[in-house]
Colleague: 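This structure is in structure tokens; I'll ask about it shortly.
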Amino acid sequence: MSQALSEFDLIARYFDVPALKGSEDNPFISLSIGDDCALLQPTPHHQLAVSVDTLVSGIHFPVNVPPKLLAWRSLAVSVSDLAAMGATPRGFTLALTLPEANSDWLASFASGLAEAAQHYGVVLFGGDTTKGPLAISVQVFGEVPSGLALRRDGANIGDAVFVSGELGGAHVALDYLADEANQDPLVDQLLQAYYKPDAAIALGQALRGVASAAVDISDGLLADLGHIASRSGLSITVHSHLIPVHPAVSALCNKDRALAAATKGGDDYQLAFCVPESKIPDLLALPFNLTRIGTCKSGAGVLLDDQHILSGGFQHFEV
Ligand code: ADP
Ligand code: MG
């Protein structure tokens with residue numbers, strides 16, 4: 001059902017609502033939706049962490065994706081960047097490009113967004129609404145005590161390399177996105193991993209002062225570790241037998257495909273990070289599912305079982 005809604009009616013009905021804006025006495029937000037800018041009031045002695053991600057229909061998600069899940073995924077992938085920096089999520093803006101103002105679609109999208117926003121402790125404080133091919137940009141804002149952010153350039157030779165959770169699920173889910181009738185519970189686990197990646201917010205914050213460098217796995221484990229290696233000026237060696245493969249991936253794929261999904265597949269949104277040996281006892285006392293997969297060494301690039309990885313994860317403009 002499609003209805004003629006003005007841009008302002010649309011914002012008022014679906015986005016300028018308490019379920020998304022949160023309470024009026026949020027100390028971080030002095031002015032929310034409705035003016036030319038929002039006004040933010042960062043906590044003293046904290047740095048503002050800001051990141052934006054865009055999801056385009058047909059490229060980052062299938063054309064007929066359920067809007068509720070699309071909303072959840074749009075927010076989760078952006079919040080994951082805050083997790084990777086060790087930041088505490090505070091709020092977000094939404095730039096929404098829609099082919100039409102379909103009220104059923106919008107109601108479902110807004111309800112999924114409110115659910116995800118509550119899950120991650122963020123509120124919506126602004127955005128932009130335009131007409132065009134479906135695309136969603138979410139810009140997230142978080143805070144981190146000054147100097148404690150987890151950057152990509154802090155790893156040192158000798159640091160251990162860890163990863164959180166289990167890998168490969170979201171990548172193998174791509175095979176099943178069009179297969180709506182599939183009732184296999186293993187497939188359902190993969191679709192959950194794809195649509196509802198659990199951004200590692202609590203882990204990121206717990207790693208402040210423990211990890212020397214961190215990245216979230218959006219383009220594939222080896223490709224993302226490559227960012228730490230190049231920014232920190234060292235090499236990272238990873239052992240394939242240590243990589244935690246998602247159990248549904250191990251069950252549904254042969255060994256080679258499972259390892260490829262876990263090392264090169266994107267979209268997992270777990271954290272990969274480096275820790276000095278002296279901090280490993282602190283790390284292992286934390287209540288998270290973490291696996292040591294490798295070590296930082298001198299040199300450059302990422303090696304899997306002593307083989308240099310030339311190109312790995314997803315690149316939009318790869319030729
Ligand atoms: P301007 O033209 O000055 O950029 P807009 O007319 O685009 O302002 O938006 C009006 C108000 O509604 C602004 O405060 C803007 O942040 C907010 N807004 C617009 N679209 C959205 C959206 N999709 N979600 C949340 N807030 C939005
Ligand atoms: Mg505008």
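For ligands, and for the atoms within them, numbers begin at 1 and follow the listed sequence.
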Colleague: Indicate, as side chain, backbone, both or neither, the part of Asp35 found under 4.0 angstrom from ligand 1 when only non-hydrogen atoms are considered.
Modeller: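 Contact part for Asp35 vs ligand 1: backbone (N, CA, C, O).
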Colleague: If the plane angle is over 60° it's perpendicular, under 30° parallel, otherwise tilted; pick one for Phe109 and Trp105.
Modeller: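 The arrangement is parallel - the two ring planes meet at less than 30°.
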Colleague: Do any nitrogen or oxygen atoms of Asp128 come within less than 3.5 Å of a nitrogen or oxygen of ligand 1?
Modeller: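 Among all N and O atoms of Asp128, at least one is under 3.5 Å from an N or O of ligand 1.
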Colleague: At a non-hydrogen distance cut-off of under 4.0 Å, which region of Ile11 contacts ligand 1 (side chain, backbone, both, or neither)?
Modeller: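 The part of Ile11 near ligand 1 is the side chain, not the backbone.
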Colleague: Looking at Leu94, which atoms of ligand 1 are within less than 4.0 Å of one of its heavy atoms?
Modeller: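 Counting atoms of ligand 1 from 1, those under 4.0 Å from Leu94 are 22 (C), 23 (N).
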Colleague: Judged by atom type as modelled, is there a donor-acceptor pair below 3.5 Å linking the side chain of Asp305 to the main-chain atoms of Ser240?
Modeller: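 Flag set: sc Asp305 to bb Ser240 pair under 3.5 Å.
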Colleague: Can you see whether Asn156 engages Ser212 through a side-chain donor-acceptor pair at a distance of less than 3.5 angstrom?
Modeller: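 Result is no, nothing qualifies.
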Colleague: Considering the heavy atoms of Thr129, write down every atom of ligand 1 situated less than 4.0 Å from one of them.
Modeller: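 What qualifies from ligand 1 is 19 (C), 20 (N), 21 (C), 22 (C), 23 (N).
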Colleague: Donor-acceptor pair, Thr237 side chain versus Leu303 backbone, under 3.5 Å?
Modeller: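 Here the side-chain-to-backbone pair does not exist.
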Colleague: Tell me, please: is Phe8 in heavy-atom contact with ligand 1, that is, under 4.0 Å?
Modeller: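 Heavy atoms of Phe8 do come under 4.0 Å of ligand 1.
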Colleague: Relative to the heavy atoms of Glu7, which atoms of ligand 1 are at a distance of less than 4.0 Å?
Modeller: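 Every atom of ligand 1 under 4.0 Å from some heavy atom of Glu7: 6 (O), 7 (O).
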Colleague: Salt bridge between Arg292 and Glu277, side-chain N to carboxylate O under 4.0 Å?
Modeller: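 Answer for the salt bridge query: yes.
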Colleague: With heavy atoms of Ile33 as the reference, note each atom of ligand 1 found under 4.0 Å away.
Modeller: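 Per the distance check, 12 (O), 14 (O), 17 (C), 25 (C), 26 (N).
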Colleague: Is the closest side-chain donor-acceptor distance between Ser218 and Asp216 under 3.5 Å?
Modeller: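 Short answer, no.
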Colleague: Out of all atoms in ligand 1, which are within 4.0 Å of some heavy atom of Phe15? Include the element for each.
Modeller: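 Listed by number with element, the hits are 23 (N), 24 (N), 25 (C).
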Colleague: Go through ligand 1 atom by atom and flag the ones less than 4.0 Å from a non-hydrogen atom of Leu124.
Modeller: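 The atoms of ligand 1 under 4.0 Å from a heavy atom of Leu124 are 24 (N), 25 (C).
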Colleague: Between Leu207 and Leu283, is the side chain to side chain contact (heavy atoms under 4.5 Å, CB included) condition met? List the steps.
Modeller: CA-CA 8 Å; Leu207 290 177; Leu283 179 74; 3.5 Å; yes
Colleague: Ignoring angles and geometry beyond distance, decide whether Gly127 reaches within less than 3.5 Å of ligand 1 through its nitrogen or oxygen atoms.
Modeller: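 N/O-N/O distance below 3.5 Å exists for this pair.
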Colleague: Can you sort out which atoms of ligand 1 are near Asp36, meaning under 4.0 Å from one of its heavy atoms?
Modeller: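 Those atoms are 3 (O).
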Colleague: Using modelled atom types only, decide if a donor and an acceptor are shared between the side chain of Lys279 and the backbone of Gly209 within a distance under 3.5 Å.
Modeller: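 Flag set: sc Lys279 to bb Gly209 pair under 3.5 Å.
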